[in-house]
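This is a predicted model, so every value here is computed, not measured.
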There are 2 protein chains.
Amino acid sequence: MSAKHTIRRELKHAAADDTQRVLERLERTCRVRGQRVTRQRRAVLQVLLAEGGALTAYELLDRLRRSGGRSTPAAVYRALEFWMDSGLVHRMDSTRSFVLCEHPEGPHPGQLLICRQCGTVIEAEDKAVSEAASRLGSRLNFTLDVGLLELTGVCALCCARGRRTQPAS
Amino acid sequence: MSAKHTIRRELKHAAADDTQRVLERLERTCRVRGQRVTRQRRAVLQVLLAEGGALTAYELLDRLRRSGGRSTPAAVYRALEFWMDSGLVHRMDSTRSFVLCEHPEGPHPGQLLICRQCGTVIEAEDKAVSEAASRLGSRLNFTLDVGLLELTGVCALCCARGRRTQPAS
DNA sequence: GCTGCTAATGATACATTGTATCACTTCGGC
DNA sequence: GCCGAAGTGATACAATGTATCATTAGCAGC
(Lines give C-alpha, C1' and ligand atoms only; values in the text may rest on other atoms or scores of the structure.)
Protein backbone atom coordinates (compact mmCIF):
# COMPACT_ATOMS: atom_id res chain seq x y z
CA MET A 1 0.00 0.00 0.00
CA SER A 2 2.75 2.46 0.76
CA ALA A 3 4.12 2.29 -2.77
CA LYS A 4 0.75 3.23 -4.23
CA HIS A 5 0.41 6.00 -1.76
CA THR A 6 3.79 7.41 -2.63
CA ILE A 7 3.07 7.47 -6.34
CA ARG A 8 -0.20 9.19 -5.71
CA ARG A 9 1.37 11.86 -3.59
CA GLU A 10 4.11 12.38 -6.10
CA LEU A 11 1.63 12.80 -8.94
CA LYS A 12 -0.25 15.36 -6.97
CA HIS A 13 2.83 17.40 -6.30
CA ALA A 14 4.59 16.72 -9.57
CA ALA A 15 4.76 20.37 -10.56
CA ALA A 16 6.76 21.19 -7.47
CA ASP A 17 8.72 17.94 -7.63
CA ASP A 18 11.49 16.64 -9.76
CA THR A 19 9.57 15.15 -12.68
CA GLN A 20 12.42 12.82 -13.40
CA ARG A 21 12.12 11.23 -9.98
CA VAL A 22 8.40 10.61 -10.45
CA LEU A 23 9.00 8.97 -13.79
CA GLU A 24 11.71 6.75 -12.39
CA ARG A 25 9.42 5.55 -9.66
CA LEU A 26 6.58 4.89 -12.10
CA GLU A 27 8.99 2.98 -14.24
CA ARG A 28 10.04 0.81 -11.35
CA THR A 29 6.42 0.13 -10.36
CA CYS A 30 5.46 -0.83 -13.90
CA ARG A 31 8.47 -3.08 -14.25
CA VAL A 32 7.38 -4.93 -11.14
CA ARG A 33 4.06 -5.53 -12.88
CA GLY A 34 5.93 -6.90 -15.89
CA GLN A 35 5.25 -3.82 -17.99
CA ARG A 36 7.83 -1.98 -20.02
CA VAL A 37 8.22 1.74 -19.80
CA THR A 38 9.56 2.64 -23.19
CA ARG A 39 10.71 5.95 -24.62
CA GLN A 40 7.35 6.68 -26.25
CA ARG A 41 5.38 5.86 -23.16
CA ARG A 42 7.66 7.87 -20.94
CA ALA A 43 7.46 10.83 -23.31
CA VAL A 44 3.66 10.78 -23.33
CA LEU A 45 3.45 10.62 -19.56
CA GLN A 46 6.04 13.37 -19.26
CA VAL A 47 3.96 15.68 -21.43
CA LEU A 48 0.86 15.00 -19.38
CA LEU A 49 2.81 15.60 -16.17
CA ALA A 50 4.22 18.84 -17.51
CA GLU A 51 0.84 20.00 -18.75
CA GLY A 52 -0.84 19.36 -15.41
CA GLY A 53 -4.22 19.06 -17.11
CA ALA A 54 -6.09 17.39 -19.93
CA LEU A 55 -4.85 17.14 -23.49
CA THR A 56 -6.34 15.67 -26.63
CA ALA A 57 -4.33 13.04 -28.44
CA TYR A 58 -3.35 15.49 -31.14
CA GLU A 59 -2.38 18.24 -28.73
CA LEU A 60 -0.15 15.66 -27.12
CA LEU A 61 1.27 14.74 -30.51
CA ASP A 62 2.01 18.39 -31.23
CA ARG A 63 3.87 18.83 -27.99
CA LEU A 64 5.88 15.67 -28.58
CA ARG A 65 6.85 16.81 -32.06
CA ARG A 66 7.72 20.28 -30.86
CA SER A 67 10.18 18.79 -28.38
CA GLY A 68 11.93 17.12 -31.27
CA GLY A 69 10.18 13.75 -31.32
CA ARG A 70 8.93 12.07 -34.49
CA SER A 71 5.73 10.62 -33.05
CA THR A 72 2.72 9.52 -35.03
CA PRO A 73 -0.96 9.43 -34.06
CA ALA A 74 -0.83 5.67 -33.71
CA ALA A 75 2.14 5.85 -31.37
CA VAL A 76 0.40 8.38 -29.16
CA TYR A 77 -2.78 6.34 -29.00
CA ARG A 78 -0.81 3.21 -28.19
CA ALA A 79 1.02 4.91 -25.35
CA LEU A 80 -2.21 6.39 -24.02
CA GLU A 81 -3.90 3.01 -24.18
CA PHE A 82 -1.02 1.50 -22.24
CA TRP A 83 -1.31 4.08 -19.47
CA MET A 84 -5.06 3.74 -19.39
CA ASP A 85 -4.69 0.01 -18.95
CA SER A 86 -2.26 0.73 -16.14
CA GLY A 87 -4.83 3.05 -14.62
CA LEU A 88 -2.61 6.11 -14.75
CA VAL A 89 -4.51 8.00 -17.41
CA HIS A 90 -8.19 8.58 -17.96
CA ARG A 91 -9.90 9.38 -21.21
CA MET A 92 -12.77 11.85 -21.06
CA ASP A 93 -15.41 11.09 -23.64
CA SER A 94 -17.02 14.47 -23.45
CA THR A 95 -13.86 16.31 -24.47
CA ARG A 96 -12.01 13.50 -26.22
CA SER A 97 -9.03 14.26 -24.04
CA PHE A 98 -6.72 12.52 -21.64
CA VAL A 99 -5.73 13.36 -18.11
CA LEU A 100 -3.46 11.90 -15.45
CA CYS A 101 -5.21 9.87 -12.82
CA GLU A 102 -4.48 10.21 -9.16
CA HIS A 103 -5.27 6.61 -8.30
CA PRO A 104 -2.87 4.40 -10.20
CA GLU A 105 -4.18 1.28 -8.53
CA GLY A 106 -6.63 0.65 -11.36
CA PRO A 107 -10.36 1.06 -12.03
CA HIS A 108 -12.20 2.76 -9.22
CA PRO A 109 -15.54 4.52 -8.85
CA GLY A 110 -15.39 8.26 -8.86
CA GLN A 111 -16.22 11.42 -10.73
CA LEU A 112 -14.48 13.83 -13.04
CA LEU A 113 -15.64 17.42 -12.86
CA ILE A 114 -14.72 19.07 -16.12
CA CYS A 115 -14.79 22.81 -16.64
CA ARG A 116 -16.34 23.64 -20.01
CA GLN A 117 -14.48 26.94 -20.16
CA CYS A 118 -10.91 26.34 -19.04
CA GLY A 119 -10.71 22.57 -19.33
CA THR A 120 -9.66 22.10 -15.72
CA VAL A 121 -10.42 18.63 -14.42
CA ILE A 122 -11.00 17.75 -10.79
CA GLU A 123 -11.08 14.12 -9.80
CA ALA A 124 -13.42 13.29 -6.95
CA GLU A 125 -14.40 10.19 -5.05
CA ASP A 126 -17.82 10.99 -3.76
CA LYS A 127 -19.43 7.99 -2.12
CA ALA A 128 -22.91 9.50 -2.23
CA VAL A 129 -22.78 9.88 -6.00
CA SER A 130 -21.30 6.50 -6.78
CA GLU A 131 -23.62 4.70 -4.40
CA ALA A 132 -26.68 6.47 -5.76
CA ALA A 133 -25.63 5.50 -9.27
CA SER A 134 -25.03 1.96 -8.19
CA ARG A 135 -28.47 1.76 -6.60
CA LEU A 136 -30.03 3.14 -9.77
CA GLY A 137 -28.26 0.42 -11.72
CA SER A 138 -29.60 -2.31 -9.45
CA ARG A 139 -33.09 -0.88 -9.62
CA LEU A 140 -33.06 -1.01 -13.43
CA ASN A 141 -31.27 -4.34 -13.58
CA PHE A 142 -28.26 -2.76 -15.15
CA THR A 143 -24.75 -3.91 -14.24
CA LEU A 144 -22.91 -0.61 -14.29
CA ASP A 145 -19.22 -0.44 -15.10
CA VAL A 146 -16.90 0.64 -12.35
CA GLY A 147 -15.37 3.87 -13.52
CA LEU A 148 -15.42 7.61 -13.54
CA LEU A 149 -18.56 9.60 -14.16
CA GLU A 150 -18.07 12.72 -16.21
CA LEU A 151 -19.74 15.85 -14.90
CA THR A 152 -19.38 19.00 -16.94
CA GLY A 153 -19.84 22.50 -15.68
CA VAL A 154 -17.97 25.68 -14.89
CA CYS A 155 -15.27 25.82 -12.23
CA ALA A 156 -15.21 28.38 -9.47
CA LEU A 157 -12.56 30.50 -11.17
CA CYS A 158 -14.28 30.66 -14.53
CA CYS A 159 -17.60 31.23 -12.83
CA ALA A 160 -16.18 34.26 -11.02
CA ARG A 161 -14.51 35.54 -14.18
CA GLY A 162 -17.68 35.14 -16.18
CA ARG A 163 -19.82 37.04 -13.74
CA ARG A 164 -20.13 40.58 -15.06
CA THR A 165 -22.24 41.69 -12.12
CA GLN A 166 -19.84 41.96 -9.25
CA PRO A 167 -20.44 39.67 -6.26
CA ALA A 168 -18.22 41.87 -4.11
CA SER A 169 -16.08 43.89 -6.51
CA MET B 1 -48.72 20.48 -19.72
CA SER B 2 -51.01 17.96 -21.37
CA ALA B 3 -49.41 18.55 -24.76
CA LYS B 4 -45.98 17.70 -23.38
CA HIS B 5 -47.36 14.70 -21.69
CA THR B 6 -49.02 13.48 -24.85
CA ILE B 7 -45.83 13.79 -26.88
CA ARG B 8 -43.97 11.92 -24.23
CA ARG B 9 -46.43 9.09 -24.17
CA GLU B 10 -46.48 8.89 -27.91
CA LEU B 11 -42.70 8.73 -28.11
CA LYS B 12 -42.70 5.94 -25.62
CA HIS B 13 -45.21 3.94 -27.58
CA ALA B 14 -44.14 5.01 -31.03
CA ALA B 15 -43.35 1.50 -32.18
CA ALA B 16 -46.91 0.41 -31.57
CA ASP B 17 -48.39 3.70 -32.73
CA ASP B 18 -48.86 5.31 -36.06
CA THR B 19 -45.52 7.02 -36.60
CA GLN B 20 -47.12 9.52 -38.91
CA ARG B 21 -49.43 10.74 -36.18
CA VAL B 22 -46.53 11.29 -33.80
CA LEU B 23 -44.64 13.27 -36.39
CA GLU B 24 -47.65 15.41 -37.15
CA ARG B 25 -48.06 16.27 -33.54
CA LEU B 26 -44.38 17.09 -33.13
CA GLU B 27 -44.61 19.27 -36.17
CA ARG B 28 -47.53 21.17 -34.72
CA THR B 29 -45.74 21.63 -31.38
CA CYS B 30 -42.60 22.91 -33.06
CA ARG B 31 -44.52 25.28 -35.27
CA VAL B 32 -46.08 26.78 -32.18
CA ARG B 33 -42.57 27.45 -30.94
CA GLY B 34 -41.76 29.16 -34.23
CA GLN B 35 -39.64 26.29 -35.46
CA ARG B 36 -39.89 24.73 -38.88
CA VAL B 37 -40.15 21.01 -39.32
CA THR B 38 -38.60 20.48 -42.73
CA ARG B 39 -38.21 17.37 -44.83
CA GLN B 40 -34.68 16.72 -43.61
CA ARG B 41 -35.59 17.16 -39.99
CA ARG B 42 -38.67 15.03 -40.29
CA ALA B 43 -36.68 12.30 -42.02
CA VAL B 44 -34.03 12.23 -39.31
CA LEU B 45 -36.60 12.02 -36.55
CA GLN B 46 -38.48 9.33 -38.46
CA VAL B 47 -35.36 7.18 -38.69
CA LEU B 48 -34.72 7.55 -34.97
CA LEU B 49 -38.34 6.70 -34.20
CA ALA B 50 -38.21 3.65 -36.43
CA GLU B 51 -34.92 2.53 -34.95
CA GLY B 52 -36.14 2.81 -31.40
CA GLY B 53 -32.59 3.13 -30.13
CA ALA B 54 -29.37 5.02 -30.56
CA LEU B 55 -27.68 5.66 -33.89
CA THR B 56 -24.47 7.40 -34.85
CA ALA B 57 -24.71 10.25 -37.31
CA TYR B 58 -23.34 8.12 -40.10
CA GLU B 59 -25.59 5.16 -39.37
CA LEU B 60 -28.43 7.62 -39.63
CA LEU B 61 -27.03 8.93 -42.90
CA ASP B 62 -26.85 5.38 -44.27
CA ARG B 63 -30.47 4.68 -43.42
CA LEU B 64 -31.58 7.93 -44.97
CA ARG B 65 -29.71 7.18 -48.17
CA ARG B 66 -31.01 3.63 -48.29
CA SER B 67 -34.55 4.95 -48.19
CA GLY B 68 -33.80 6.95 -51.30
CA GLY B 69 -32.68 10.24 -49.78
CA ARG B 70 -29.63 12.17 -50.93
CA SER B 71 -28.50 13.38 -47.52
CA THR B 72 -25.04 14.58 -46.61
CA PRO B 73 -23.21 14.48 -43.29
CA ALA B 74 -23.72 18.19 -42.82
CA ALA B 75 -27.45 17.88 -43.35
CA VAL B 76 -27.71 15.11 -40.79
CA TYR B 77 -25.71 17.03 -38.22
CA ARG B 78 -27.80 20.12 -38.80
CA ALA B 79 -31.01 18.22 -38.28
CA LEU B 80 -29.66 16.52 -35.19
CA GLU B 81 -28.54 19.84 -33.78
CA PHE B 82 -32.00 21.23 -34.37
CA TRP B 83 -33.67 18.39 -32.50
CA MET B 84 -31.13 18.58 -29.70
CA ASP B 85 -31.88 22.27 -29.31
CA SER B 86 -35.55 21.36 -29.18
CA GLY B 87 -34.74 18.82 -26.51
CA LEU B 88 -36.07 15.85 -28.48
CA VAL B 89 -32.73 14.19 -29.13
CA HIS B 90 -29.73 13.53 -26.90
CA ARG B 91 -26.18 12.99 -27.98
CA MET B 92 -24.19 10.42 -26.04
CA ASP B 93 -20.53 11.34 -25.83
CA SER B 94 -19.41 7.90 -24.86
CA THR B 95 -20.77 6.29 -28.02
CA ARG B 96 -20.95 9.33 -30.29
CA SER B 97 -24.53 8.45 -31.00
CA PHE B 98 -27.94 10.03 -30.85
CA VAL B 99 -31.11 8.87 -29.21
CA LEU B 100 -34.67 10.12 -28.87
CA CYS B 101 -35.45 11.83 -25.61
CA GLU B 102 -38.57 11.20 -23.66
CA HIS B 103 -38.81 14.67 -22.18
CA PRO B 104 -39.19 17.13 -25.02
CA GLU B 105 -39.62 20.03 -22.64
CA GLY B 106 -35.91 20.85 -22.75
CA PRO B 107 -32.81 20.36 -20.56
CA HIS B 108 -33.51 18.33 -17.46
CA PRO B 109 -31.39 16.43 -14.98
CA GLY B 110 -31.32 12.72 -15.46
CA GLN B 111 -29.26 9.72 -16.42
CA LEU B 112 -28.70 7.61 -19.49
CA LEU B 113 -27.87 3.96 -18.86
CA ILE B 114 -26.09 2.68 -21.92
CA CYS B 115 -25.50 -0.99 -22.57
CA ARG B 116 -21.98 -1.58 -23.82
CA GLN B 117 -23.03 -4.76 -25.61
CA CYS B 118 -26.31 -4.13 -27.38
CA GLY B 119 -26.41 -0.35 -27.36
CA THR B 120 -29.75 -0.16 -25.58
CA VAL B 121 -30.30 3.12 -23.81
CA ILE B 122 -32.54 3.62 -20.82
CA GLU B 123 -33.37 7.13 -19.75
CA ALA B 124 -33.82 7.59 -16.03
CA GLU B 125 -34.68 10.46 -13.73
CA ASP B 126 -33.21 9.40 -10.44
CA LYS B 127 -33.39 12.17 -7.87
CA ALA B 128 -30.85 10.53 -5.58
CA VAL B 129 -28.20 10.54 -8.30
CA SER B 130 -28.82 14.03 -9.59
CA GLU B 131 -29.00 15.48 -6.10
CA ALA B 132 -25.82 13.73 -4.99
CA ALA B 133 -24.07 15.08 -8.07
CA SER B 134 -25.40 18.53 -7.40
CA ARG B 135 -24.17 18.42 -3.81
CA LEU B 136 -20.76 17.29 -5.01
CA GLY B 137 -20.67 20.26 -7.35
CA SER B 138 -21.49 22.70 -4.57
CA ARG B 139 -18.91 21.15 -2.30
CA LEU B 140 -16.19 21.63 -4.91
CA ASN B 141 -17.43 25.03 -6.00
CA PHE B 142 -18.33 23.74 -9.40
CA THR B 143 -21.45 24.95 -11.20
CA LEU B 144 -22.57 21.76 -12.87
CA ASP B 145 -24.51 21.80 -16.10
CA VAL B 146 -28.06 20.55 -16.01
CA GLY B 147 -28.16 17.51 -18.22
CA LEU B 148 -27.95 13.81 -18.57
CA LEU B 149 -25.26 11.76 -16.91
CA GLU B 150 -23.99 8.87 -18.97
CA LEU B 151 -23.63 5.58 -17.15
CA THR B 152 -22.27 2.64 -19.10
CA GLY B 153 -22.72 -0.99 -18.24
CA VAL B 154 -24.46 -4.14 -19.35
CA CYS B 155 -28.24 -4.42 -19.49
CA ALA B 156 -30.17 -7.25 -17.87
CA LEU B 157 -30.68 -9.08 -21.15
CA CYS B 158 -27.06 -8.99 -22.24
CA CYS B 159 -25.97 -9.85 -18.73
CA ALA B 160 -28.14 -12.97 -18.79
CA ARG B 161 -26.95 -13.89 -22.26
CA GLY B 162 -23.33 -13.41 -21.29
CA ARG B 163 -23.51 -15.55 -18.19
CA ARG B 164 -22.13 -18.97 -19.10
CA THR B 165 -22.23 -20.23 -15.53
CA GLN B 166 -25.79 -20.42 -14.28
CA PRO B 167 -26.66 -17.86 -11.56
CA ALA B 168 -26.99 -20.42 -8.77
CA SER B 169 -23.71 -22.26 -9.34
C1' DG C 1 27.92 -13.42 -26.22
C1' DC C 2 24.44 -15.75 -29.47
C1' DT C 3 19.64 -17.24 -30.63
C1' DG C 4 15.07 -16.84 -30.78
C1' DC C 5 10.74 -15.22 -29.03
C1' DT C 6 7.62 -11.52 -27.92
C1' DA C 7 6.45 -6.80 -27.34
C1' DA C 8 6.91 -2.42 -29.12
C1' DT C 9 7.86 0.86 -32.83
C1' DG C 10 7.63 3.45 -37.22
C1' DA C 11 5.45 4.47 -41.30
C1' DT C 12 1.87 4.63 -44.19
C1' DA C 13 -2.51 4.54 -45.42
C1' DC C 14 -7.04 4.61 -44.30
C1' DA C 15 -11.53 4.89 -41.60
C1' DT C 16 -14.60 7.55 -38.93
C1' DT C 17 -16.61 11.64 -37.21
C1' DG C 18 -17.60 16.41 -37.60
C1' DT C 19 -17.42 21.51 -39.87
C1' DA C 20 -16.83 25.56 -42.95
C1' DT C 21 -18.31 27.76 -46.88
C1' DC C 22 -21.20 29.52 -50.17
C1' DA C 23 -24.40 29.63 -53.85
C1' DC C 24 -29.11 28.43 -54.12
C1' DT C 25 -33.94 27.35 -52.56
C1' DT C 26 -37.93 27.53 -49.66
C1' DC C 27 -40.95 29.48 -46.34
C1' DG C 28 -43.74 32.82 -44.13
C1' DG C 29 -45.12 37.65 -43.77
C1' DC C 30 -46.29 41.58 -46.15
C1' DG D 1 -45.89 38.36 -56.10
C1' DC D 2 -41.79 40.13 -53.38
C1' DC D 3 -38.52 40.19 -49.63
C1' DG D 4 -35.70 38.64 -45.98
C1' DA D 5 -34.52 35.02 -43.05
C1' DA D 6 -33.96 30.24 -42.46
C1' DG D 7 -32.77 26.07 -44.46
C1' DT D 8 -30.52 23.12 -48.05
C1' DG D 9 -27.08 20.91 -51.10
C1' DA D 10 -22.60 20.24 -52.46
C1' DT D 11 -18.03 20.27 -51.88
C1' DA D 12 -14.14 20.30 -49.52
C1' DC D 13 -11.79 19.86 -45.52
C1' DA D 14 -10.57 19.35 -40.41
C1' DA D 15 -10.22 16.43 -36.51
C1' DT D 16 -9.99 12.06 -34.42
C1' DG D 17 -8.86 7.27 -34.37
C1' DT D 18 -7.19 2.40 -36.51
C1' DA D 19 -5.24 -1.37 -39.41
C1' DT D 20 -1.37 -3.27 -41.31
C1' DC D 21 3.06 -4.84 -41.68
C1' DA D 22 7.90 -4.72 -41.97
C1' DT D 23 11.49 -3.55 -38.64
C1' DT D 24 13.61 -3.02 -34.06
C1' DA D 25 14.37 -3.58 -29.09
C1' DG D 26 14.29 -6.20 -24.86
C1' DC D 27 14.53 -10.28 -22.45
C1' DA D 28 15.08 -15.64 -21.57
C1' DG D 29 17.64 -19.54 -22.15
C1' DC D 30 21.56 -21.45 -23.67
Side-chain angles (χ1 to χ4, degrees), chain A residues 23 26-28 30-48 54-65 67-86 88-99 119 150, chain B residues 23 26-48 54-65 67-86 88-99 114 119 150:
Chain A
L23 289 174
L26 288 176
E27 187 156 354
R28 235 173 297 140
C30 288
R31 228 175 265 286
V32 166
R33 295 185 193 170
Q35 299 167 322
R36 295 183 201 166
V37 179
T38 62
R39 196 166 41 79
Q40 282 284 358
R41 293 172 179 173
R42 192 180 298 117
V44 163
L45 201 60
Q46 216 153 15
V47 170
L48 279 175
L55 287 175
T56 70
Y58 280 75
E59 285 169 349
L60 231 157
L61 181 59
D62 265 359
R63 279 172 176 61
L64 285 173
R65 283 178 170 163
S67 1
R70 281 173 314 291
S71 277
T72 62
V76 170
Y77 280 104
R78 281 192 289 232
L80 286 170
E81 193 184 7
F82 172 83
W83 290 119
M84 284 193 289
D85 288 346
S86 308
L88 270 179
V89 166
H90 292 306
R91 185 200 135 96
M92 291 178 294
D93 291 323
S94 52
T95 53
R96 284 182 273 265
S97 59
F98 301 84
V99 68
E150 297 181 26
Chain B
L23 289 174
L26 288 175
E27 188 157 352
R28 234 172 297 140
T29 308
C30 287
R31 228 176 265 285
V32 166
R33 295 185 194 168
Q35 299 167 325
R36 293 185 203 165
V37 179
T38 63
R39 196 166 41 79
Q40 283 284 356
R41 293 172 181 172
R42 191 179 300 118
V44 163
L45 201 59
Q46 214 153 17
V47 170
L48 279 175
L55 288 174
T56 69
Y58 279 75
E59 285 169 348
L60 231 158
L61 181 58
D62 264 0
R63 279 171 177 61
L64 285 174
R65 282 178 170 163
S67 1
R70 282 171 313 290
S71 277
T72 62
V76 170
Y77 279 104
R78 282 192 289 231
L80 286 170
E81 194 185 6
F82 172 83
W83 290 118
M84 284 194 290
D85 288 348
S86 308
L88 270 180
V89 165
H90 292 308
R91 186 200 133 97
M92 290 177 295
D93 290 326
S94 52
T95 53
R96 282 181 274 266
S97 57
F98 301 83
V99 68
I114 305 164
E150 296 181 25

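Residues A:L80 and A:R91 have side chains not in contact (no heavy-atom distance under 4.5 Å, counting atoms from C-beta outward). B:Q35 places a side-chain heavy atom less than 4.5 Å from the side chain of B:F82.
At distances below 3.5 Å, at least one donor-acceptor pair connects side-chain atoms of A:E150 with backbone N or O atoms of A:D93. Side chain of B:R42 to main chain of B:V37: a donor-acceptor pair is present (N/O by atom type, distance under 3.5 Å, no hydrogens or angles).
What separates CD of A:E81 from C1' of C:dT9 is a distance of 15 Å, to the nearest Å. Regarding B:D93, its CG atom lies at a distance of 12 Å from the P atom of D:dG17, rounded to whole Å. Rounded to whole Å, atom C1' of C:dA8 lies 14 Å from atom CG of A:D85. Atom-to-atom, CZ of B:R91 to P of C:dT17 comes out at 10 Å; the value is rounded to the nearest Å. Taking atom OH of residue B:Y77 and atom P of nucleotide D:dA14, one finds them 17 Å apart after rounding to whole Å. In this structure, CZ of A:F82 is placed 7 Å from P of C:dA8, rounded to the nearest angstrom. Atom P of nucleotide C:dA11 and atom CG of A:L61 are separated by 12 Å, given to the nearest angstrom. Remark: P of D:dA15 and CG of A:L60 are 16 Å apart, rounded to the nearest angstrom.
Set against D:dA10, D:dT8, C:dT17, the side chain of B:Q40 has D:dT8 as its closest nucleotide.
The phosphate of C:dT26 has neither OP1 nor OP2 within less than 4.0 Å of any side-chain N or O from B:R41. Contact annotation: B:R36 does not reach the phosphate of C:dT25 (side-chain N/O to OP1 or OP2, under 4.0 Å). Phosphate contact (OP1/OP2 of D:dG17, side-chain N/O of A:R96, threshold under 4.0 Å): absent. At D:dG7, none of the side-chain N or O atoms of B:Q35 fall inside 4.0 Å of OP1 or OP2 (strictly under the cut-off). For C:dT9, the OP1/OP2 oxygens have a side-chain nitrogen or oxygen of A:T38 closer than 4.0 Å.
For A:Y58 and D:dT16, the ring-to-base geometry satisfies the stacking test (centroid distance below 5.5 Å, interplanar angle below 30°).
In terms of heavy-atom proximity, A:T56 sits nearest to A:S97 at N-CB, 3.8 Å.
Under 3.5 Å, the side chain of A:R78 and the base of C:dG10 form at least one donor-acceptor pair of N or O atoms.
Positionally, the nearest nucleotide of DNA chain C for A:T72 lies more toward the 5' end than for the other of A:T72 and B:A74. The residue among A:A79 and A:P73 whose nearest nucleotide of DNA chain C lies closer to the 5′ end is A:A79.
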